[in-house]
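Remarks on the structure that follows.
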Amino acid sequence: MARIQPKILKGFRDYLPEVMVPRTRLLRRIAEVFERFGFEPLDTPSVEYAEILLGKAGPEAEKLFYRFNDQGGRDVALRYELTVSLARVIGQYKTDLVKPFKRYQMGPVWRAESPAKGRFREFWQCDVDIVGTDSLLADAECIAIDHAVMRALNVPNYLIRFNNRKVFRGLQARIGISDSETMNSIMRSVDKFDKVGENGVRKELEAIIGNGGFGEKGLETILEFLKLAEGTSDNSACIDALEQFLSGTEMGQRGCAELREVLGSAQALGVPDDVLQIDPTIVRGLDYYTGTVFETFLKDAPQFGSVMSGGRYDGLIGIFSSEEVPAVGISVGIDRLIAALEELKLLPDARASAAVLVSVFGTETVDYSLKIAGDLRRAGINAELYLDPKAKLAKQLKYASRKGIPLVVIAGPEEEKDGSCSLRLMSNGEQMQVKIENLAQAVQDNYVDPDPNAATGRSWDWEFAEDMFDRVPAVGGVYLLRNAQHEVLKCGWASYGKLSETIRESVSGEQRAEVATFDWYEIRDDNLSQMLAQFINEKLQPKFG
RNA sequence: CGGCCAAUAGCUCAGUUGGUUAGAGCGCCUGAUUGUGAUUCAGGAGGUCGCGGGUUCAAAUCCCGUUUGGCCGCCCA
């Protein structure tokens, strides 16, 4: 009988464990941020009635659906994106949902288009939306979420460029275009500004002129408008310039007022000014955005395009409801983001779930190894047991090495005799003898989580450098500053969430040169933190008091 | 959908006027006096040369068809 060839469909992918481990960590971290902002998860079926999913998709988009008849002859399709299902949920459970409805949803979507580099037929979307409020605070929250996600993933040098569609509508009024179809194609062209540059946009616009709607003068006005923000990093000056340019158009004035309000709220939420940039060339290619729009770029990897983007779309969610439902949301381009982080070497290189492999020396000592593995697991440590007691030790070590498990417990008859075991560090081959009652502690002390974002609750010997502070999780507790000789210079404490900034602000300019490293310990009780810091200061009498 | 290119071991590929039993590197498995991995040495497994047809004494090699993959364009973001 002929063997069936193992193969997968074009445009579909396997996620092997080595890519799945960092991927799920990343997704989990993003979900944590969403939940920190009070969003709940939602999931919906991947197959729905075609009439629902097709929604208001035009005949062009319809071709891109995986659509078929099920065994009962129903006309169904695989979901094309997540927003339509959200709209259906809003319409279907209207009275049950608390408004504004805040949900996040991560899952695969399917598009029957031709696969290309970075474009697949099955890929993940990761959406977070606020439905049912037109408050601009929601828009500002979205920008704050964007910023928080980038922070949580440890991304350096990102820029959130944002704009407001109403500003563009003001421009439309200014030029005197009334046809919204023309305006949509103009926006699609402008959206390519980054990719094709000013001249590319000019060419595209010239092509549109042929179809009527606006003339040479309008084209120059558009290009002039697009360059308003060029060279300035001062956002409020930028808004002023836009406002002046669009004076006399009601929509333009409203757009600028919204921009100003969202910017102010985002700043008040703690988004620093230098990651935010007003940019009139950001319009998003999709037709349905109505207000705030934004995109996020990595300055160190701009070729990947926007890794996270979103905006307000007040007309879309209401298609299954009787009234209009305002909404604002973000979509994380998870595949792009992973590709970009990989390029920048920012992906945790964790390949194994296990922190430690418990090897099995031989059939006589199996139960001893089983006990050790059980103890480690009860202590909350991810421990893998080698499953073949007859395998040579060399083979077991090789197994750990190939899987990227950093620690191996070796427990033969010699160790069993005195209730100990050997703990081997695969990174350098070092081995230590440990009593089994101390093993869990020893594993914890020697396990370096490959994910730099993992909040371990305590950490030692962090280099006292500017970029490290951002990696201290938002917790409270006690910290120690040390000099190059590892002597304690200062001990302090921070209340919940303030650890990072407290450490940063704890030394004066001249003291700073002396500080080499710092340690921190998470403590959830401020009183306890304070007492502990006081106690340490009394005991050690550190130089900086 | 249109154009160009490719398809030989798990992976990357060599194999040239058609000629014995199709090769290399990497990877994988086993071993090098029995308690130590990613280095070294020895050995081993693994291929109907994408599939179908044709030309020929003889095809991985030449011809036709077909399928799959890649790049460009169209489309989509």
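Straight-line distance between the C1' atoms of B:rG3 and B:rC49: roughly 28 Å, to the nearest whole Å. For B:rG27 and B:rC13, the C1' atoms lie 14 Å apart once the distance is rounded to whole Å. B:rG65 and B:rC71 are spaced 25 Å apart, taking the P atom of each and rounding to whole Å. Taking the P atom of each, B:rC64 and B:rC4 are spaced 13 Å apart, rounded to whole Å. Remark: the separation of the C1' atoms in B:rA14 and B:rG25 is 10 Å, to the nearest Å. Comparing the C1' positions of B:rU66 and B:rC26 gives an interatomic distance of 33 Å, to the nearest angstrom. Comparing B:rA42 with B:rC51, their C1' atoms sit 40 Å apart, to the nearest whole Å. Using atom P as the reference point in both B:rC29 and B:rC72, the two lie 38 Å apart (nearest Å).
The pairing partner recorded for B:rU40 is B:rA32, the criterion being a Watson-Crick or G-U wobble arrangement whose two distances lie under 3.5 angstrom. Base pairing of B:rA6: its partner is B:rU68, meeting the Watson-Crick or G-U wobble criterion (both donor-acceptor distances under 3.5 Å). If you check B:rG25 for Watson-Crick or wobble pairing at under 3.5 angstrom, you find it paired to B:rC11. For B:rA58, there is no paired nucleotide, since no Watson-Crick or G-U wobble pair has both relevant distances below 3.5 Å. With a 3.5 Å ceiling on both atom-pair distances, the Watson-Crick or G-U wobble partner of B:rC1 is B:rG73.
Classified by interplanar angle (parallel below 30°, tilted 30° to 60°, perpendicular above 60°), the ring pair A:H147/A:Y158 is tilted.
Between A:P302 and A:K299, the shortest heavy-atom distance links the atoms CD-O, 3.4 Å.
When rounded to the nearest whole Å, the span between OH of A:Y66 and C1' of B:rC76 equals 14 Å. Note: CH2 (A:W124) to C1' (B:rA77) measures 21 Å, nearest angstrom. Atom P of nucleotide B:rC76 and atom CZ of A:R284 are separated by 16 Å, given to the nearest angstrom.
For the atom pair OH (A:Y104) and CD1 (A:I330), the distance works out to 14.0 Å, reported to the nearest 0.5 Å. Here the straight-line distance linking atom CZ of A:R377 with atom CD of A:E384 works out to 8.5 Å at 0.5 Å rounding.
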| What does nucleotides 32-43 of chain B look like as a protein-contact string, B for base, S for sugar-phosphate only, - for none, at under 4.0 angstrom between heavy atoms? | S--BBBB-----
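Looking only at atom types and distance, the side chain of A:N382 has no donor-acceptor partner in the side chain of A:S353 under 3.5 Å away. In the model, A:T292 has no side-chain atom that pairs as donor or acceptor with a side-chain atom of A:E258 under 3.5 Å.
Residue A:R121 has no polar side-chain atom (N or O) positioned under 4.0 Å from OP1 or OP2 of B:rC76.
Using a cutoff of 4.0 Å between basic side-chain nitrogens and carboxylate oxygens, A:D75 and A:R67 are scored as salt-bridged.
A salt bridge (charged side-chain N to carboxylate O under 4.0 Å, His left out) check over residues 300-317 of chain A, counting only residues at least two apart or in different chains, returns the pairs A:D139-A:R312, A:R312-A:D314.
Along RNA chain B, the nucleotide closest to A:R336 and the one closest to A:R402 are compared, and the more 5′ of them pairs with A:R402.
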